[in-house]
K.L.:
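Could you have a look at this structure, given as structure tokens, before my questions?
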Amino acid sequence: MTTLRAFTCDDLFRFNNIFSLTAPFTASQYGIPFYLQYLAHWPEYFIVAEAPGGELMGYSDCGCCVIPKLTLALFTVMGKAEGSVAREEWHGHVTALSVAPEFRRLGLAAKLMELLEEISEKKGGFFVDLFVRVSNQVAVNMYKQLGYSVYRTVLEYYSASSGEPDEDAYDMRKALSRDTDKKSIIPLPHPVRPEDIE
């Protein structure tokens with residue numbers, strides 16, 4: 001049975017162990033200070049789905065990382081509230097969503113996203129947004145099924161490694177009930193650069 005709960009400081013150490021063992025290049029990018037900032041500022045946006053008897057799962061730029069011989073499966077959504085109310089840009093932002101490969105297609109991602117959207121509604125957000133690699137069509141299609149649409153393309157948003165070119169991102173959005181005219185999801189006709197994003 002899956003249990004939904006708030007992310008705790010104990011989870012920070014589980015995630016950092018995963019990073020240091022499986023993807024050292026992400027450890028500095030998503031180290032303890034990064035998570036502590038989210039826990040301190042937006043604890044309600046940091047949710048874990050926990051399944052008994054599985055492996056410990058963690059988020060990385062490449063997806064989920066599995067460390068066998070542990071007794072807990074974690075699936076997380078991590079977000080924040082940001083923007084300007086005056087300009088109707090107050091919104092929830094999905095920073096990370098992670099579901100273990102063996103637990104995908106069970107509705108866990110949809111449930112975690114739904115919870116984040118509910119929190120954003122309660123905080124009076126106009127929309128929820130997220131960034132996803134243009135090449136990650138599985139994720140793009142999943143978000144479209146959840147009601148998100150491409151608002152704009154952000155050129156070279158993701159830094160590449162190993163001499164590869166930087167990768168573009170889609171800024172995908174879903175309007176919330178406060179945006180009655182759905183102005184927040186009207187697509188921009190041209191791409192933007194990362195420095196043009198507020």
K.L.:
Checking the side chain of Lys174 only, and the main-chain atoms of Leu146 only, is there a donor and an acceptor separated by less than 3.5 Å?
P.N.:
yes

K.L.:
Under a 4.5 Å side-chain heavy-atom rule over Ile, Leu, Val, Met, Phe, Trp and Tyr, are Val140 and Leu155 clustered together?
P.N.:
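In one cluster: no.
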
K.L.:
Quick check on the hydrophobic clustering: are Tyr157 and Leu188 connected, directly or via other members, by side-chain heavy-atom contacts under 4.5 Å?
P.N.:
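In one cluster with Tyr157: Leu188, yes.
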
K.L.:
To the nearest 0.5 angstrom, please state how far the CD atom of Glu156 sits from the CD atom of Glu195.
P.N.:
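So the gap between those two atoms works out to 9.0 Å.
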
K.L.:
Minimum heavy-atom separation for Ser177 and Glu121, please, with both atom names.
P.N.:
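Answer, listing the atom of Ser177 first, then Glu121: OG-OE1, 2.7 Å.
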
K.L.:
For the CG atom of Leu115 and the NZ atom of Lys111, what is their distance to the nearest 0.5 Å?
P.N.:
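Interatomic distance, Leu115 CG to Lys111 NZ, rounded to 0.5 Å: 5.0 Å.
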
K.L.:
Taking ILVMFWY side chains as joined if any heavy atoms are under 4.5 angstrom apart, and letting links pass through other members, which residues group with Phe127?
P.N.:
Val85, Trp90, Phe126

K.L.:
Please name all residues satisfying side chain to side chain donor-acceptor pair (under 3.5 Å) with Ser135, sequence neighbours left out, ordered by chain then number.
P.N.:
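Side chain to side chain donor-acceptor pair (under 3.5 Å) check on Ser135 returns Glu167.
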
K.L.:
Could you tell me whether the side chain of Asp168 reaches within less than 4.5 Å of the side chain of Val154, counting heavy atoms only?
P.N.:
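Result no, sub-4.5 Å side-chain heavy-atom pair not found.
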
K.L.:
Under a 3.5 Å distance rule, please check whether Asp196 uses its side chain to pair with a backbone N or O of Val192 as donor and acceptor.
P.N.:
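Pair absent, no side-chain N/O of Asp196 close to backbone of Val192.
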
K.L.:
Between Ser120 and Leu176, is any pair of side-chain heavy atoms under 4.5 Å apart?
P.N.:
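Touching, per the 4.5 Å side-chain cut-off.
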
K.L.:
Between Leu97 and Tyr143, is a side-chain contact (heavy atoms from CB on, under 4.5 Å) present by the stated rule, with each step listed?
P.N.:
CA-CA 11 Å; Leu97 174 65; Tyr143 291 125; 3.5 Å; yes

K.L.:
Do you know which two heavy atoms are closest between Ile119 and Glu44, and how far apart they sit?
P.N.:
CD1-O, 2.7 Å

K.L.:
Taking Glu82's backbone N and O only, do any of them form a donor-acceptor pair with His91's side chain (distance below 3.5 Å, no angle check)?
P.N.:
yes

K.L.:
So, taking the atom named CZ in Arg173 and the one named CG in Leu130, what distance separates them when rounded to the nearest 0.5 Å?
P.N.:
10.5 Å

K.L.:
How about NZ on Lys144, more than 12 heavy atoms from neighbouring residues, nucleotides or ligands closer than 6.0 Å, or not?
P.N.:
no

K.L.:
Between the main-chain N or O of Ala160 and the side-chain N or O of Asp166, is there a donor-acceptor pair closer than 3.5 Å?
P.N.:
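Yes, because the side chain of Asp166 sits within donor-acceptor range (under 3.5 Å) of the backbone of Ala160.
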
K.L.:
Working to the nearest 0.5 Å, report the span between OH of Tyr158 and CG of Asn136.
P.N.:
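The OH atom of Tyr158 sits 8.5 Å away from the CG atom of Asn136.
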
K.L.:
One pair to check against ring-ring contact (aromatic ring centres under 6.0 Å, His included): Tyr170 and Phe131. What are the steps and the verdict?
P.N.:
CA-CA 6 Å; Tyr170 288 138; Phe131 293 91; over 10 Å; no

K.L.:
Closer than 3.5 angstrom, by distance alone: can the side chain of Asp171 be matched with the main-chain N or O of Arg152 as a donor-acceptor pair?
P.N.:
no

K.L.:
Sort out for me which residue in Val94, Val128, Ile185, Val132 forms a side-chain contact (heavy atoms from CB on, under 4.5 Å) with Met172.
P.N.:
Val132

K.L.:
Check salt bridge (Lys or Arg N to Asp or Glu O under 4.0 Å) between Arg105 and all other residues, then give those that pass, not counting sequence neighbours.
P.N.:
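In terms of salt bridge (Lys or Arg N to Asp or Glu O under 4.0 Å), with neighbours along the sequence ignored, Arg105 is linked to no residue.
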
K.L.:
I would like to know whether Asp179 and Ser184 meet side-chain hydrogen bond (donor to acceptor under 3.5 Å, both in side chains); could you show each step before the answer?
P.N.:
CA-CA 7 Å; Asp179 183 6; Ser184 65; 2.5 Å; yes

K.L.:
Return the minimal non-hydrogen interatomic distance between Ala109 and Met142, and the atom names on each side.
P.N.:
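Closest pair (atom of Ala109, atom of Met142, distance): CB-SD, 3.7 Å.
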
